[in-house]
Amino acid sequence: MAEARSKRKLIGNILAWITGSLVVVLVALQIYGQITKRSNYGVPRYGKYQVFVVLTDSMEPSYRVDEALFVEQVKDFSTLKASESLYSQDGDAITFINQYGMIVTHRIIEIELDANGEYTFYAFGDNFYAETCSENSEGVKYCDPDDWTRHRDVVHQSKVLGKVVGQNFVFGKMYKVMSQTYFVLLFAIIPLFFVFFSSIVDLFKELKPEREARIAEEEAHDALLVEIEKAKEAEKLKLYIEMEKQKMLEDLKEESDGDNNE
């Protein structure tokens, strides 16, 4: 029993240590992200990388909804490449802040360099039938590539958050959950609750023999009191019998003395 309790306690301590370490890492990442996003349009950045989760179908099938995109900060905008055509979709995909303040990831179609040496990028989604497209005359969501200037994004280099350098669907699902504050709380509370509950169980198990011993002691004490009371009653009865015998003897003596006097 003691060995099993010791193993359970060891496992609980290991789980608590692992959980505590992961919580510290997650909290540290969140704090770091909160600091870096102040200078990055409200987007957390870890070193030169950022993680985004795709919310719309504008880049399908290249990037699926809920897929994680790993975006690298761009230092030299001259390294970015535009697609050969709207249909080739072989240019760099960039993540940027559009004119409405929304974070968007689209592919570069054209690049323009002005006299000041600053770049302007024209971007377009890979999916011409995305839900974000406007309806055509037939009532179908459609971003007409032949009229692409109507649907394109005009992005100044200052609004570019980075270039997509990787993607992972599973990580996207995980990141979506892990980025929630409640996840960190649940992740920390559940294992700690398990450790706390195990400790309480062990404590009750340790107190059980003491409680049983105390109850046995109280029962023995009560039994002793009963025996003492019985002994007292027996002593009283014995004393009463002796007193009655004495009284009888005295009465007999008085009768005997009376007879002699007659």
### Message
Under 4.5 Å between side-chain heavy atoms, counting indirect links through other Ile/Leu/Val/Met/Phe/Trp/Tyr residues: same cluster for Val51 and Met102 or not?
### Response
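In one cluster with Val51: Met102, no.
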Less than 3.5 Å apart, which donor and acceptor atoms pair up between the side chains of residues 142-150 and the rest of the protein, not counting sequence neighbours?
unit_1	atom_1	unit_2	atom_2	d
Asp144	OD1	Asp146	N	3.0

### Residues forming a ring-ring contact (aromatic ring centres under 6.0 Å, His included) with Tyr100, sequence neighbours excluded
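Expected list: none.
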Inter-residue atom distance [X].[atom1] - [Y].[atom2], 0.5 Å rounding:
X	Y	atom1	atom2	value
Leu113	Ser78	CG	OG	9.0 Å
Ile108	Asp90	CD1	CG	11.5 Å
Ile35	Arg45	CD1	CZ	12.0 Å
Gln157	Leu80	CD	CG	10.0 Å

### Query
Can you list the other members of the hydrophobic cluster that holds Ile97, where links are side-chain heavy atoms under 4.5 angstrom apart?
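When side chains under 4.5 Å apart are linked, the cluster holding Ile97 also contains Tyr41, Val43, Phe52, Val54, Met59, Tyr63, Leu69, Val71, Ile103, Leu161, Val164.
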With sequence neighbours excluded, give me every disulfide bond (SG atoms under 2.5 Å apart) pair touching [range].
range	result
residues 49-84	none
residues 80-118	none
residues 30-121	none

Give me the atom names and distance for the closest heavy-atom approach of [X] to [Y].
X	Y	answer
Phe70	Gln167	CD1-N, 3.6 Å
Asp76	Val74	O-CG1, 3.5 Å
Ala82	Ile109	CB-O, 3.5 Å
Phe128	Leu86	CZ-O, 4.0 Å
Ser83	Gly91	OG-N, 2.8 Å
Glu67	Arg64	OE1-N, 2.9 Å

### Query
Pick from Thr95, Thr36, Asn40: which one makes a side chain to side chain contact (heavy atoms under 4.5 Å, CB included) with Gln50?
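Result for side chain to side chain contact (heavy atoms under 4.5 Å, CB included) with Gln50: Asn40.
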State which residues pass side-chain contact (heavy atoms from CB on, under 4.5 Å) with [X]; sequence neighbours excluded, sorted by chain then number.
X	answer
Lys81	Asp92
Val65	Asp57, Glu60
Glu138	Asn136, Val140
Thr132	Thr56, Ser58, Ala130

### Message
I want to check something: taking the side chain as every heavy atom from C-beta on, are Tyr49 and Val165 in contact at a cut-off of under 4.5 Å?
### Response
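Yes - at least one pair of side-chain heavy atoms lies under 4.5 Å apart.
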### Message
Within the structure provided, determine whether Lys173 and Phe169 are in side-chain contact (heavy-atom separation under 4.5 Å).
### Response
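Sidechains of Phe169 and Lys173: in contact.
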### Message
Does anything in residues 106-132 form a salt bridge (Lys or Arg N to Asp or Glu O under 4.0 Å)? List the pairs, not counting sequence neighbours.
### Response
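Applying salt bridge (Lys or Arg N to Asp or Glu O under 4.0 Å) to every pair that reaches into residues 106-132, excluding sequence neighbours, yields Arg107-Asp126.
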### Donor-acceptor contact present, side-chain Arg152 to main-chain Val154, <3.5 Å
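It does not hold such a pair.
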### Query
So, Lys48 and Glu72, do they make that salt bridge, N to O below 4.0 Å?
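Yes, this pair counts.
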### Listed partners of Ser134 passing side chain to side chain donor-acceptor pair (under 3.5 Å), at least two apart
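If we apply the side chain to side chain donor-acceptor pair (under 3.5 Å) test to Ser134, skipping adjacent residues, there are no hits.
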### Message
Parallel, tilted or perpendicular: which one describes the rings of His106 and Phe96, with boundaries at 30° and 60°?
### Response
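Perpendicular: the ring planes of His106 and Phe96 meet at over 60°.
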#### Entry: Between Gln99 and Asp153: side-chain donor-acceptor atoms closer than 3.5 Å
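Checked: Gln99/Asp153 side chains show no N/O donor-acceptor pair below 3.5 Å.
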